[in-house]
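Residue numbering restarts at 1 for every chain, and letters A, B, ... go by the order of the sequence lines.
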There are 2 protein chains.
Amino acid sequence: MNFDQLQSFVHVAELGSFTAAAERAALTQPAVSLQIKLLEQRLGVRLIERVGRRAQPTPAGLELLTHARRIIQELAGAEESMVPHRSGIAGRVRIGSGATAFIHLLPLAISKAKAKMPGLDITVRIGNADDILRDLEANSLDLAVVTMPASGRSLEVEAFYEDELMAVAPKGAEMPAAGPDAAFMSEKTLLVYEGGNTRRSIEEWMSAGGVRLKPAMEFGSVEAIKELVAAGLGWSILPGLSLKRDRTDFLEARPVRPKLARRLGIVIRRDKHLTRGLREVLKALRETKAAPASA
Amino acid sequence: MNFDQLQSFVHVAELGSFTAAAERAALTQPAVSLQIKLLEQRLGVRLIERVGRRAQPTPAGLELLTHARRIIQELAGAEESMVPHRSGIAGRVRIGSGATAFIHLLPLAISKAKAKMPGLDITVRIGNADDILRDLEANSLDLAVVTMPASGRSLEVEAFYEDELMAVAPKGAEMPAAGPDAAFMSEKTLLVYEGGNTRRSIEEWMSAGGVRLKPAMEFGSVEAIKELVAAGLGWSILPGLSLKRDRTDFLEARPVRPKLARRLGIVIRRDKHLTRGLREVLKALRETKAAPASA
DNA sequence: ACCAAAGAAATCCTTATGATATGAATAAAG
DNA sequence: CTTTATTCATATCATAAGGATTTCTTTGGT
């Protein structure tokens, strides 16, 4: 049972002639005869009544005609619906990211990609690196922006942004000009972001400085910590990214000594097919790297 | 663009695997790979994302999936619709009916239709009017015989049989010669058929007579009620149809006053194509109307 | 104007082969 | 002793070549 057979049948029924139907389908007349014959065999029903030189649908043919027309129309609709996808007008990119990277890095990149490709459908999932990477491996995400290192052998990591960690204090607090070191920081009331790679980096940095991290409180939100520090409740060590934009008039920030940075990476599956939308987003991200958070 | 290709695509998308899809279609895996590839080439869109050992539909694929499913379903419908026409004489008519109408009206009509068309395949579904009509609209039934009124804009109703409701009492009970009225009946122990249009008619009839229906017991089977009345457990009001045949020697039956009848209708879909089998059954039914339950 | 038969063309399927990812088992390191 | 790399076996999809089937055209009836 073929589309061609149905199409030919419709033509024959409409035109009342095998020859005319053949002509319209750019076929020879015997080909059409055969198609109808096969269709009739397949369905076990006579579809076209050959009387004299007229070809006329039987009752069964008449009923099939309505079905066939609908099927052909549906088919055209299916084809039609693929056009936006074909021309690269439509697309989808599912991004996973940590909260900080998302807030300060992705909006610009997303808007750039959207400007290039208005039909692009971008979704973002915020989560911790582990979950994000698991989803990436399961291919329920197309792209991730997470703190390195990112494990997983099926994943490809591209260094993307170096985000220096800063000591943060309330405005007016005194801070060593060369930057506070681990010993200095360990004497302050520390509000720390809980969990994640960033937290681990800070712990290692303090260990290297000979002291242990003794957080006074832990929070799940960098934004919350910023507010608390600004209100004078303690010090913190936060990603520079999160300090670029606002609250600078209530906060004192300086790079720690020795320098400590977390490196953000763009992660995709090694075998991921790069759609146009995905390429646009990647390009926009790499451009953002050059001029970060300038918005 | 082939049905097979679409079918394979649907299978791959649903099963998430080329190999599994191949197995289901009784093909080899490369055949399925090729079909998908050709389909993708034809449409100019990537439909299945092959990532790792999993296969999942792209956004374009997801959209095509809905179309493809519909097309395949339409095709099956087309094929199905040819079955009644097949081999001239064979066919199938699916009838839905209430239990009473079925037992006393349909057997005769069915045997008549079968005599005319021995190859005809007739199936009957018993149920309440609502379910039957729903199935009729869904085209999983071809014809229904139910108590009117039958709602449904896509349905065509033909009045078919007037079935007088009779007061039924155990043999020997005294009954007004002109027929019992509502007041009279309300003093008896009443066994009533539960639910349905017939029940509603009786309620209205008693309301019109100034009394309320106070059933002693309700049953789901007219046959059961007949037995109980015959056993002297009470009175009832039943369709005359159900009293024509048997048990007359144990039952006293008389039309109620004022006369009360339920009207049975033949219902088909307005756009239903009349196959020969269906026409035969309709004809047989209309003949039965003239000489009801004489068998 | 449609049907039938035979050869030609195209399509489609299968077998065989290769590449890649996954999962388990094993070895190495903190 | 748990965690992280490495290795190997296995499962999956892609590709290529050969062969079988289908389908079309040509030619000659009815």
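Residues passing the side-chain hydrogen bond (donor to acceptor under 3.5 Å, both in side chains) test with A:Thr147 are A:Arg262, sequence neighbours excluded. Every residue was checked against the salt bridge (Lys or Arg N to Asp or Glu O under 4.0 Å) condition with B:Glu23, not counting sequence neighbours, and none meets it. Every residue two or more places apart in sequence or in another chain was checked for a side-chain hydrogen bond (donor to acceptor under 3.5 Å, both in side chains) with A:Thr100, and none qualifies. Partners of B:Arg53 by salt bridge (Lys or Arg N to Asp or Glu O under 4.0 Å), not counting sequence neighbours: none found. Not a single salt bridge (Lys or Arg N to Asp or Glu O under 4.0 Å) links A:Arg86 to another residue, sequence neighbours left out. Residues satisfying the salt bridge (Lys or Arg N to Asp or Glu O under 4.0 Å) criterion with B:Arg54, sequence neighbours excluded, are absent altogether.
Atoms CD (A:Gln56) and C1' (C:dC2) sit 16 Å apart, rounded to a whole Å. In this structure, A:His273 places its NE2 atom 16 Å from C1' of D:dC13, rounding to the nearest Å. For the pair B:Leu15 CG and D:dT12 C1', the interatomic distance rounds to 14 Å; values are reported in whole Å. One atom, CD1 of B:Ile48, and another, C1' of D:dT12, lie 14 Å apart when rounded to the nearest Å. In this structure, CD of B:Glu40 is placed 12 Å from C1' of D:dA14, rounded to the nearest angstrom. Between the CD atom of B:Gln7 and the C1' atom of C:dC13 there is a distance of 18 Å, rounded to whole Å. Spacing between atom CD of B:Gln41 and atom C1' of D:dT15 amounts to 13 Å, rounded to whole angstrom units. As a whole-Å value, the separation of A:Asn139 CG from D:dT12 P is 18 Å.
The end-to-end axis angle of the helix from C:dA1-D:dT30 to C:dG30-D:dC1, rounded to 10 degrees and based on five pairs per end, is 40°.
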Under 3.5 Å, which donor-acceptor pairs do the side chains of residues 67-76 of chain A form with other protein atoms, sequence neighbours left out?
unit_1, atom_1, unit_2, atom_2, d
A:His67, NE2, B:Ser81, OG, 3.4
A:Arg69, NE, A:Glu14, OE2, 3.2
A:Arg69, NH2, A:Glu14, OE2, 3.4
A:Arg70, NE, B:Glu74, OE1, 3.0
A:Arg70, NE, B:Glu74, OE2, 3.1
A:Arg70, NH2, B:Glu74, OE1, 3.4
A:Glu74, OE1, B:Arg70, NE, 3.0
A:Glu74, OE1, B:Arg70, NH2, 3.4
A:Glu74, OE2, B:Arg70, NE, 3.0

List the atom pairs, donor and acceptor, that lie under 3.5 Å between side-chain atoms in residues 88-96 of chain A and the rest of the protein, sequence neighbours left out.
unit_1, atom_1, unit_2, atom_2, d
A:Arg94, NE, A:Asp142, OD2, 3.1
A:Arg94, NH2, A:Asn139, O, 3.1
A:Arg94, NH2, A:Asp142, OD1, 2.8

>> Test salt bridge (charged side-chain N to carboxylate O under 4.0 Å, His left out) on A:Lys272 and A:Glu156; report intermediate values, then the result.
In response: CA-CA 10 Å; A:Lys272 185 74 183 177; A:Glu156 197 163 56; over 6 Å; no

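A heavy-atom distance below 4.5 Å is found between the side chains of A:Leu285 and A:Ile266.
For residues 6-48 of chain B, there are no ring-ring contact (aromatic ring centres under 6.0 Å, His included) pairs, not counting sequence neighbours.
Of the listed nucleotides (C:dT15, D:dT12, C:dC3), C:dC3 has the atom at the smallest distance from the side chain of A:Pro30.
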Could I get a table of every N or O pair under 3.5 Å where one atom is in the protein and the other is in nucleotides 18-24 of chain D?
unit_1, atom_1, unit_2, atom_2, d
D:dC24, OP1, A:Gln35, NE2, 3.3

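Between the side chain of B:Thr58 and the backbone N or O of B:Leu47, at least one donor-acceptor pair lies under 3.5 Å.
Taking 4.0 angstrom as the limit, B:Ser33 places a side-chain polar atom (N or O) nearer than this to OP1 or OP2 of D:dA14. Remark: B:Lys37 is in phosphate contact with D:dT15, judged by side-chain N or O atoms under 4.0 Å from OP1 or OP2.
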> Where along nucleotides 19-25 of chain C does protein come under 4.0 Å, by heavy atom, of base (B) or sugar-phosphate alone (S), with - for untouched nucleotides?
Replying inline: --BBB--

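Side-chain N/O atoms of B:Gln29 and base N/O atoms of D:dA14 include a donor-acceptor pair closer than 3.5 Å.
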